[in-house]
Amino acid sequence: MTALSIVVPCFNEEECLGELHRRMSAAARIATGEDYELILVNDGSRDSSWPTMQRLAMSDPHVIAVNLSRNHGHQLALTAGLDLCRGETILIIDADLQDPPELLPAMLAAMREKQADVVYGVRQSRAGETAFKRATAHGFYRLLSRATEVNIPLDAGDFRLMSRRALDALLAMPEQARFIRGMVAWIGFRQVPFTYDRSERFAGETKYPLKKMIRFAFDAMTGFSSAPLKLASHAGLLLSLGSVVLILYIAWAWLAGQNIQGWTSLMLVVVVLGAVQMFVLALMGEYIGRLYNEAKRRPLYIVQEIAGEIERKDARLGYLASAIAKSDKPGGKGKRPAK
């Protein structure tokens with residue numbers, strides 16, 4: 001076991017990897033000397049990220065490059081790195097260098113001083129981001145805080161430092177749709193904030209366009225709250241009250257001998273009711289779909305190959321399909337067929 005593991009999920013980050021390696025290695029040496037490992041997880045990149053990672057692993061014994069079999073998504077790529085790391089303390093950081101690696105020594109000092117199991121970064125400023133993204137992120141975190149039963153920190157991403165016991169507790173949670181910052185909040189232990197200013201991306205483009213951000217937000221909401229399902233009961237109550245009012249109006253008009261006018265209004269009511277019903281059914285389908293995915297119990301990720309120090313423990317949540325494996329059991333290691 002090493003003193004420090006640094007886990008970095010990467011997707012099309014070839015322009016950032018060299019600078020990430022330089023700055024992260026310098027910060028790790030200041031914090032722990034030579035007792036660290038830098039785990040780079042290639043999440044099905046389509047550029048030259050994987051060859052770059054292989055070169056870094058060949059030139060630096062501290063680097064372990066993990067190549068997933070396809071693009072699994074940021075949260076599952078991060079899960080793979082966390083599952084395979086062997087450090088007593090674990091730093092999670094993205095490859096785009098928006099979260100400064102130089103904060104590592106200060107975060108370690110805060111962890112020791114406050115006897116914490118988790119030190120999570122809280123963004124007090126977000127350079128290089130559009131006003132729309134800042135506004136939606138601000139609103140999302142506050143909506144999530146109100147809707148969930150778990151106290152998820154505001155304005156905190158995945159950038160954090162964790163103890164081994166906190167990570168082991170996290171790895172005991174095998175769900176497929178993962179919102180890791182919420183899962184870390186759920187496990188408890190002593191968790192303290194660490195405020196910092198977020199930088200612009202070092203190079204490249206964001207890997208979270210609007211579509212992925214919406215999917216990520218929905219995973220977070222449905223994974224930690226049943227509030228969306230309660231919309232059905234609230235909507236049903238309001239529509240029932242509206243129906244009672246409409247029935248009373250129709251009865252009064254009939255008794256008064258007035259003709260009932262308003263086919264347009266009637267059709268509007270029908271359309272609104274249909275839209276509410278479809279929305280509620282969609283929410284129920286989302287939760288049922290999550291149950292279906294969990295019931296299949298597939299491994300969360302598949303590792304195609306590892307470059308660097310290859311002596312890894314068995315994966316708890318994934319499947320290692322490495323060339324040197326000796327077992328074909330699911331959840332363990334797979335053997336490459338002979339030519």
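- Using a cut-off of 4.0 Å between Lys/Arg side-chain N and Asp/Glu carboxylate O, R181 and D158 are scored as salt-bridged.
- A salt bridge (Lys or Arg N to Asp or Glu O under 4.0 Å) with D117 is found for exactly one of R165, R112, R164, namely R165.
- The CZ atom of R70 lies 13.5 Å from the OH atom of Y301; values are rounded to the nearest 0.5 Å.
- T79 and R178 share a side-chain donor-acceptor pair at under 3.5 Å.
- Residues satisfying the salt bridge (Lys or Arg N to Asp or Glu O under 4.0 Å) test with E102, not counting sequence neighbours, are R23.
- With 3.5 Å as the limit, one finds a donor-acceptor pair spanning the side chains of N42 and S45.
- Side-chain N or O atoms of R160 include none that pairs as donor or acceptor with a backbone N or O of L91 at under 3.5 Å.
- No close placement of the F159 and F194 rings is indicated, their centers lying 6.0 Å or farther apart.
- Residues passing the salt bridge (Lys or Arg N to Asp or Glu O under 4.0 Å) test with R22 are E19, sequence neighbours excluded.
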**Message:** side-chain contact (heavy atoms from CB on, under 4.5 Å) for N67 and V303? Distances and angles first, verdict last.
**Reply:** CA-CA 6 Å; N67 190 28; V303 174; 6.0 Å; no

**Request:** Determine, step by step, whether I187 and M173 satisfy the side-chain contact (heavy atoms from CB on, under 4.5 Å) criterion, reporting the C-alpha distance in whole Å, the side-chain angles of both residues, the deciding distance to 0.1 Å, and the verdict.
**Result:** CA-CA 10 Å; I187 63 177; M173 304 165 68; 3.8 Å; yes

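- Annotation for P100 and I93: closest pair C-CD1, 4.5 Å, computed over non-hydrogen atoms.
- Distance check: I90 CD1 to M162 CE gives 6.5 Å after rounding to the nearest 0.5 Å.
- Of the residues I39, V41, L38, L17, the one that meets the side chain to side chain contact (heavy atoms under 4.5 Å, CB included) test with V8 is L38.
- Within the 4.5 Å cutoff, the side chain of I302 has no heavy atoms near those of the L68 side chain.
- Here the shortest heavy-atom pairing between V122 and P193 reads CG2-CB, 3.7 Å.
- Counting only heavy atoms from C-beta outward, the side chains of E37 and L4 never approach each other to under 4.5 Å.
- Of the possible donor and acceptor atoms, none in the side chain of T32 sits under 3.5 Å from a partner among the backbone N and O of R29.
- To the nearest 0.5 Å, atom OG of residue S69 and atom CD of residue E305 are 11.0 Å apart.
- No donor-acceptor pair under 3.5 Å is formed between the side chain of R46 and the backbone N or O of N12.
- Annotation: side chain of S5 is not in contact with side chain of T89 (no heavy-atom distance under 4.5 Å).
- In this structure, the separation between CE on M111 and CE on M107 is 8.0 Å, given to the nearest 0.5 Å.
- Under the ring-ring contact (aromatic ring centres under 6.0 Å, His included) criterion, the residue pairs touching residues 40-69 are Y36-H62, with sequence neighbours excluded.
- Listed for the S48 side chain is no donor-acceptor partner under 3.5 Å among the backbone atoms of P51.
- With hydrogens and angles left out, the side-chain atoms of H74 and D43 include no donor and acceptor closer than 3.5 Å.
- Inter-residue side-chain proximity for V63 and M53 is flagged as unmet; no heavy-atom pair is nearer than 4.5 Å.
- Nearest approach of L161 to L104, heavy atoms of both residues: CD1-CD1, 4.0 Å.
- Linking Ile, Leu, Val, Met, Phe, Trp and Tyr whenever their side-chain heavy atoms come within less than 4.5 Å leaves L20 and I30 in two separate clusters.
- In this structure, CD1 on I180 lies 4.5 Å from CD on Q75, to the nearest 0.5 angstrom.
- In terms of heavy atoms, A27 sits closest to P105 at O-CG, 4.1 Å.
- For the pair I6 and A28, the tightest heavy-atom approach, listed with the atom from each and the gap, is CD1-CB, 3.8 Å.
- When side chains are defined from C-beta on, L40 does not count as touching I64, because their heavy atoms never get closer than 4.5 Å.
- Side-chain heavy atoms closer than 4.5 Å link hydrophobic residues (I, L, V, M, F, W, Y) into clusters, and following such links, possibly through other members, connects F189 to V184.
- Of all heavy-atom pairs between V118 and A166, the closest is CG2-CB, 4.1 Å.
- Side-chain contact between E175 and M183 is present, with heavy atoms from C-beta onward closer than 4.5 Å.
- With rounding to the nearest 0.5 angstrom, the CD atom of E13 is 8.5 Å from the CG atom of L97.
- Not one N or O on the side chain of D94 forms a donor-acceptor pair closer than 3.5 Å with the backbone of D96.
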